[in-house]
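Along the sequence shown, the residues carry numbers beginning at 1.
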Amino acid sequence: MDVLFVLIPVALGLGLLGLAAFLWAMKSNQFEDLDGAAWRAIMDDDLPPEDERDSRST
């Protein structure tokens, strides 16, 4: 029974820490563009980067 006096404040503290981390992420716009990174990862670029094109043409 005495262990509850330790576990309840620890659980509340961890819950508040998680809530604070979530609110910080919301304020810093971490959830603004959820699909953008996924589309950039699978986007197919046909042109090579600028420096590779310049070295091939000379």
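V3 belongs to a hydrophobic cluster whose other members, connected by ILVMFWY side-chain contacts under 4.5 Å either directly or through intermediates, are L7.
Heavy atoms of other residues, nucleotides or ligands lying less than 6.0 angstrom from CZ of F5 number 12 at most.
Side chain of D33 to backbone of G36: a donor-acceptor contact under 3.5 angstrom is found.
Looking at residues two or more places apart in sequence or on another chain, you find a side-chain contact (heavy atoms from CB on, under 4.5 Å) between I8 and L4, L12. When the side-chain contact (heavy atoms from CB on, under 4.5 Å) test is applied to V10, the partners found at least two apart in sequence or on another chain are V6, L14.
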